[in-house]
Every structure is written in structure tokens, then in C-alpha cells.
Amino acid sequence: MRAQLSQARSLALCAARHSRSFSQAPFPRTRALFLQTSPFARPTRSCTAQGRQWQQSRWESAAAAVFEQAKQDPDNLNLEDIIKNIPPEEAHRLSRVRNIGIAAHIDSGKTTATERVLFYTGRIGSIHEVRGKDSVGAKMDSMELEREKGITIQSAATFCDWNKKNDDGTEDKYHINLIDTPGHIDFTIEVERALRVLDGAVMILCAVSGVQSQTITVDRQMRRYNVPRISFINKMDRMGANPFKVIDQINTKLRIPAAAIQVPIGTEKEFQGVVDLVRMKAIYNEGPRGETIRMTDEIPANLLSVAQERRAKLIETLADVDDEIAELFLDEQEPTQAQLKAAIRRATIALKFTPVCVGSALADKSIQPMLDAVCDYLPNPSEVENLALDQRRKEASVKLIPYQELPFVGLAFKLEESNYGQLTYIRVYQGTLKKAMNIFDARSNKKIRVPRIVRMHSNEMEEVQEIGAGEICAVFGVDCASGDTFTDGNIHYSMTSMFVPEPVVALSINPKNKKDASNFSKAMNRFTREDPTFRVHVDAESQETIISGMGELHLEIYIERMRREYKVDCATGQPQVAYRETIQQEVKFDHLLKKQTGGPGDFARVIGWIEPTGDLGKNEYEDQVTGGHISEKFMFATEKGFMAACEKGPMLGHKVLGTRMVINDGATHTTDSSEHSFKIATQQAFRKAFMQAAPQVLEPLMKTTVTAPTEFQANVVGLLNKRNAVINDTETGVEEFTINADCSLNAMFGFSSHLRASTQGKGEFSMEFSHYAPASGQLQKELIAKHQKWQEERLKK
Ligand SMILES: Nc1nc2c(ncn2[C@@H]2O[C@H](COP(=O)(O)OP(=O)(O)OP(=O)(O)O)[C@@H](O)[C@H]2O)c(=O)[nH]1
């Protein structure tokens, strides 16, 4: 309630302003639009001018009453009423904003499609290709390494305005904030944080390869953050393009109802445009770069029956997920264009459906209709529910309202070091972020002044004075961690951060020259701040610096960036698998630490047991001590001891998983017991008990997908068999085949060069962590022997 009241107070202030300006304002076109399209609008009774006037005056008097009430009694404000009465200008502004991400499997054409979006919206004057002959590179791949390798490494944000042409000749201007994300699983955190803050997404698929391994990962990430999506089947110009097969795969593999809203006109080299199934019009791209759209009622005769059939399929699919269409369907009535459009929008936003567009980014075809679909079917910021936790009332989650005048709430979702200092990307969920304003970090409670606000256009920036609710920006000089919530200090909200996967590959690293030590640590600091999946630690025993990340490519890129951006050449060890250790049975312990030989001694006795938790995702500690045999402050130290022991397993020194420790008794000495002695005693007890509890080494299993031309199928199967991979399925297409297999990460080191050699460089593979599984007895023996040898050698030194 208190949270709502502080919102209410600030609303009360603006209420008077708005109630005055509403009644004085003429009835602009934007307001009429708001009444028709805004989620805040009441149902319109009549479409006549008289009806609209009636609606308008009714709305104004209702709004005036609510804001008058706010003025009179701010402590008892009804927030729901305020939401309903948000000024039409503001609702209209929001209805024209789209925050979208482009996400897909590697090389599906995300950056190529984004380049066209920027060109057609007038953000860039010419198109440059990924790995293009002009060596300029696509706008969104601004990092030198991205341009060289032709892959996206970091997500890049931009914004543009799209003038959507309506059938009646009018235009509606939409403001689109767009984030292009990487496809490689090694950079998956970039997709994760983009989807955390975006309202909708375009999922790109290849018209030949269809749903691929990373499509499945991206699908999972979209589900995690409830992100509605449209699907865009790209590469229609490729030989073997089959969009309908891809739609079937979206339905069956991703299990989200999908139907085409467009069918292609021609395929491969003959691909010219699309038939829009909602309007039943043909849309062609003309002009040197497809910039001119020609729309006609004449659907090519050879496509008419396919278009009708696919339109019927669209209606049938919608009938399964939307009540209004279901009713019409049962009554055998054809929905009107408006009904169909509204149903696609409703079902997409409700995450029950994905409309599918087709096109070819490289051939400059059908990107504009995809942009129209973004505006038509993806939600505006007010149509997405965003919740925050009110820290003062732990139980309460508060709905954030994207209204400029409410107290500010924003989430820092990405940090980046720039030439001008740390750049923090913020999504504004509520209120307005203004230059020179003081904001509060909900985690550290630090007050920070915002010196500069910019809108990002890849690596360029445009300075602005303020950013309204529902928008994305970046700020300078704000020291925080990724995932921090900011408020204006009047409210104490915090938002949930994004999911951060655990690193699976590690290697030791050191600068080759001692003089580079300071740059080395600067680089490490920066990379770990920017990327939560990149970790650095110094191994206590070997004193080596160990970096860990999501895959070999992930670590390679950082080593290369260190060389290019910090001029530090590094020596690295062999990539190591991040093994884990666990136990299989319960073991009791009664451990006494006693050193009382003159001076201050150590005394701590801990009694209890360790056992498997049955869930490899967590370790658990429980204090069951009664009767005060161990005092509260020492129990705290035993918990710390347990946590420290779990960081370095007794078998190989890798982290412990799935283990529970219970301490239910013990003893304390009046003078010799200390927190330190209890911490050490717990660690010793744990390590001893662990080795008796049928300890087991766990290794990461990877979901692996290999794609290559069909003639190399036997070679690839041979390669996988050599690595003891379990092949789950094989799909053989016209030209290519795809194998999905489970494989241990350990067996996959060096796979890329073997694959290249056996497929004349034409094979591709991707790997994603699946789960930890027990290592074979043989591997476990080898690893233990190696670890012991390494320890012995260290002792000798
Ligand atoms: N034939 C054809 N090739 C395309 C099309 N769109 C993109 N490509 C090519 O596919 C390759 C990858 O394109 P990108 O745009 O970099 O793909 P991406 O999805 O951004 O790649 P990552 O971010 O690295 O995963 C490039 O060689 C493009 O030229 C298309 O419509 N048709």
C-alpha cells in the first residue's frame, strides 16, 4: 500500500496538470487513434463523429473525476483508476513504441536483416554486408573482431522510426528500439539480457535449415522472459528453401502454434516478394535495394490456391488459440481483415501463437512487411506486465506502469567500457530518466547523479536530455553492476535480474611480459564486469590465474581482445573442463579440532552428517544444533566453512554439487574456540566425510548439433562415434544433413579442426551445455591420478 501511496502522491501532483490540459486540449487525431487502438481505451460505441465526441467527453469527465480525487485525497488513491486514465497523448506515444530483439541460430541473417531495417528506416544511407567485399561490414557488427570473423560477439542496440503505411493512404510513425544479438551459444548471455528487457522479438530462421539447435535455445530464453515473437523465415533465395517445412518444425519442435501470414512469390533466384494473407495482396520489392514497395490486389494466378489454403490454415490455427476466431470458425464465418489482425495480435501477445513472415535479407526482399508485422503484432510497452519487488514490503510485487509522470524505475541490463568511461544500458520501466537527475541503486542504496544520457546507434551515440517510460537508453558515469535496479529514491523497488548460466570451460592464463601485468588486470576487471559468464579467479594452490567461460570460442575472443585492445600477449594453458564433484551416500561425522599447545589455541567439535541432496543444482546446509553446544556465532562460521569446502572439492579441487551438510551437535571451549576454529573444523570434517561417501566426478554433457553437406555424413558419424557421442537424431535434407547428439565436453576439444578436415571446411557445429553426468570410472581414475601427481610435484617445488 505504501508503495502505491508514494506513486499516488507524485501522481496527484501531475493529476492537476493533466486534468487541466485535457479539458483545454482540442480533440486531436492522436486521441481518436488512442480510443481505437490503446489498451487503455474503452470500447468505442459508434464510429461516427458524434459517437466519438460522446466518447471523448465521457472519457474526459471520468479522467477529471479521478484526477480531482487524486488531488483531494492522495493517500487513498486508486491506482487502477489512474492506469485507466493515463493521458491519451501518453498512451498514444506508448502505442507507437516497440522494443524488440532479433535472435536466432548462428548465421541465420540477424545482422543482415538489421542492416536492411536500418536502411529502410533511413538510419543508414547505404547497405554493407557481413563479410562483404567492400570490407566495411554491417553497422551492428562494429567491433573489429566481429567484422573480421563475420560473427556477432556483443549485442548492439539501435533505434529507428518506421512509417507504416495504412491501406487508406495514411501513415503511422513507430519508434523501434532494436537489439541485434549474437547467435553463438558462447555469447548466450547477450541474448539473455536483451530478452530480459525487451517487449517482443523477431525469431529468424533459415528457410533451408529450419529450426536449429540455437533456435531451440533462443526459444527457451524467450519463454523464460515471456517474450512474444514473430518468426521470420529468411534466406528464401537459397536453393532448397522450404518455408512450409520450417513452419511445421516451429509447430512440432518448438511446440508453439505457428502459421504463415505471408506466402512467398517465387523461390530461390525467382523470389520476388510475398502475398500478404491478411489483406490478400501481393507485395513486391523494387528499386536497386528493394526500397520501393509495390502492393497490388493481383495475386499471381499460380499462387492463388496456395494463398487461400494457407489463409484457411492461419484461421484454423488461430481458432485453436483465440475464442473470437473459434466462434466465427464454428459458425463457418470468414473473419474480417480487422478481426483477423486483432486476433493475430491478441494471440501473439498472449504467447499462444507466432505469426510467420518470409523473406530474404540478402536479396533485399520482404523486410518492410516484416517491420509492419512488428508494429501490428508485437506489444507496446504498456501491454507487457513488468513487476518489481517493493523492498519495504518484502511480500509485495508491484506492477510497473510505463507512465512518464510516475516515480522513475529502470533496470541496468548491460555494462560496456567506452572511450568516455563506463556506459550503462538502462531500460526505463516507469517514470522519466532526466539528465542531471539523482537516481538510487536499489542494491547498494547509493545515490548517483546522471551526467549524460545517450541513445545508442551501434557504436555511435546521440545525446538526449531525457528518456521516457518504456524506452531504452545508455548513461555515462553510473557505477553499478549488471542487473541493478534504479529508482528516483521515493520508492524502493527492485526488479529480478537475468538468468546467468554457469561457465563450463576454464584455462590458466598469464601475461607473457611482466610489464603488462597492470593492463592485464585492467582488462580482466573490465571483462568480468561486462560479462557475468566470464569469470576470473586465482587458484589458491597453484597461484595461477584461471579464466572460465561458456566455450573455447568465448575464451579465445577475450584473449584476442586483450591482445588488440590492451596490447597484452598472454600465455595460456590447455582448456580444462569444469568438472564437478558429488557424493552418492550418507556419511556421519564427529570431528574434533584441538590445538592447545601454549598460547591461544584452537578448539572446535562438529557432529552431523553429509548426504546427497538429490538435486545437482544446489548444495544445502542445515543447523540442527539444540541445547547451545555450539553458539550462534560459531554456527555462522560452520556454514561459511561448508561453503568454502564446496568451492574446492576434495577429489580434484573442482566445485562440489548436490551435497547437503547437517550439523546437529558439537562442543565449544570457553577460551580456545573461535569462528576461525569452527570454520576450519567444518572444512576438515566435510573433506573427510566426503571421501567416504562414494564420491563421484561429474562431467558436463553437451547438446551438440553438426550440419554438413550430405556427402560427408559418414565422415561426421565416424567422428562422433570416436568421441562416444550418443546420436539422438539425424535429419537429412536435400543438400545438408543435421545430427543432434549428446557428447561429453571433454571429448569435444579440438573437434572443430577435425570437422573442418573431414568436411572440406563445409561442416558446422554448435554445442550447448545440457547437464552434469557422472564421468566414466576410467576417466575418474585418470583425473584423480593426474590431480595427485600435480599435487606431489607442487610439494616437491
Ligand atoms: N543466401 C542468403 N544468405 C544470407 C541471407 N541473409 C544473410 N545471409 C548470409 O548469411 C551469413 C550470416 O549472416 P549474418 O547476418 O551475419 O547472420 P547472423 O545471424 O547475424 O550471424 P551471428 O550473429 O554471427 O550468429 C552471411 O554470409 C550473410 O551474407 C539471405 O537472405 N540469403
Side-chain angles (χ1 to χ4, degrees), residues 101-119 127-143 145-158 178-191 194 201-215 217-218 221 231-243 246 264 266-274 285 289-290 357-370 458 550-551 553-554 557 705 707 735-736 762 764-768:
I102 301 211
H105 181 83
I106 309 152
D107 276 356
S108 309
K110 297 173 287 290
T111 307
T112 309
T114 308
E115 187 81 354
R116 271 65 187 173
V117 168
L118 296 178
F119 179 68
I127 293 174
H128 297 284
E129 304 298 358
V130 174
R131 284 196 216 106
K133 288 198 186 84
D134 61 7
S135 305
V136 176
K139 177 75 198 164
M140 301 302 270
D141 282 347
S142 60
M143 203 192 281
L145 256 177
E146 290 181 322
R147 293 187 171 192
E148 257 174 44
K149 291 191 176 270
I151 57 167
T152 305
I153 294 169
Q154 285 188 333
S155 61
T158 187
L178 188 154
I179 299 184
D180 173 25
T181 63
H184 280 268
I185 189 68
D186 290 37
F187 314 114
T188 196
I189 189 66
E190 293 287 289
V191 187
V202 178
M203 180 174 79
I204 300 195
L205 300 110
C206 169
V208 179
S209 310
V211 170
Q212 294 171 274
S213 60
Q214 283 327 96
T215 326
T217 310
V218 163
Q221 290 170 317
S231 304
F232 179 73
I233 301 180
N234 189 33
K235 305 200 182 182
M236 278 304 302
D237 59 311
R238 276 189 64 186
M239 213 204 297
N242 184 348
V246 180
T267 49
E268 299 172 14
K269 287 213 168 69
E270 304 303 316
F271 178 58
Q272 301 165 53
V274 294
N285 284 82
R289 298 290 345 207
C357 304
V358 294
S360 166
L362 194 65
D364 304 322
K365 297 278 185 309
S366 203
I367 295 292
Q368 296 95 329
M370 183 266 278
S458 187
M550 302 307 298
L553 179 66
H554 191 204
I557 293 287
T705 306
T707 306
E735 294 180 340
E736 288 181 340
K762 293 178 185 155
E764 284 175 5
F765 86 107
S766 73
M767 268 193 324
E768 183 188 357

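Start at 1 and go down the list; that is how both ligands and their atoms are numbered.
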For this session: Would you check the N or O atoms of Ala361, main chain and side chain alike, for any that come under 3.5 Å of an N or O of ligand 1?
Result: yes
Problem set entry | ligand 1 versus Leu362: contacting region, heavy-atom distance under 4.0 Å | both
Seminar exercise, completed: Atoms of ligand 1 under 4.0 Å from any heavy atom of Gly183, numbered from 1 in the order shown, are 22 (P), 23 (O), 25 (O)
Exercise. In ligand 1, which numbered atoms sit nearer than 4.0 Å to a non-hydrogen atom of Arg238?
Worked result: 1 (N)
For this session: Indicate whether any N or O donor in one side chain lies under 3.5 Å from an N or O acceptor in the other, for Gln221 and Thr188.
Result: yes
Exercise. In Å and rounded to the nearest 0.5 Å, what is the CG to CD distance from Leu205 to Gln214?
Worked result: 12.5 Å
Exercise. Near Thr112, which atoms of ligand 1 are under 4.0 Å from a heavy atom of that residue?
Worked result: 6 (N), 7 (C), 13 (O), 14 (P), 15 (O), 28 (C)
Exercise. Do Arg116 and Ile127 have side chains that get closer than 4.5 Å, going by heavy atoms?
Worked result: yes
Problem set entry | Basic-acidic side-chain contact under 4.0 Å: Asp180, Lys110 | no
Exercise. Does Lys365 pair with Asp237 as a salt bridge, N-O distance under 4.0 Å?
Worked result: no
For this session: Compare Lys110, His105, Lys365 and give the one whose heavy atom is closest to atom 19 (O) of ligand 1.
Result: Lys110
Exercise. Can you tell me if Asn285 and Gln272 form a side-chain donor-acceptor pair at under 3.5 Å?
Worked result: no
Exercise. Out of curiosity, is Ala104 lining ligand 1, as in a heavy atom under 4.0 Å away?
Worked result: no
Problem set entry | Ser360: numbered ligand 1 atoms lying under 4.0 Å from its heavy atoms | 30 (C), 31 (O), 32 (N)
For this session: For ligand 1, find out whether one of its N or O atoms is nearer than 3.5 Å to an N or O atom of Ala113.
Result: no
Exercise. Looking only at heavy atoms, what is the nearest atom pair of Ile153 and Pro182, with distance?
Worked result: O-CG, 3.4 Å
For this session: Identify, by atom number and element, the atoms of ligand 1 in contact range of Ile106, meaning under 4.0 Å from any of its heavy atoms.
Result: 25 (O)
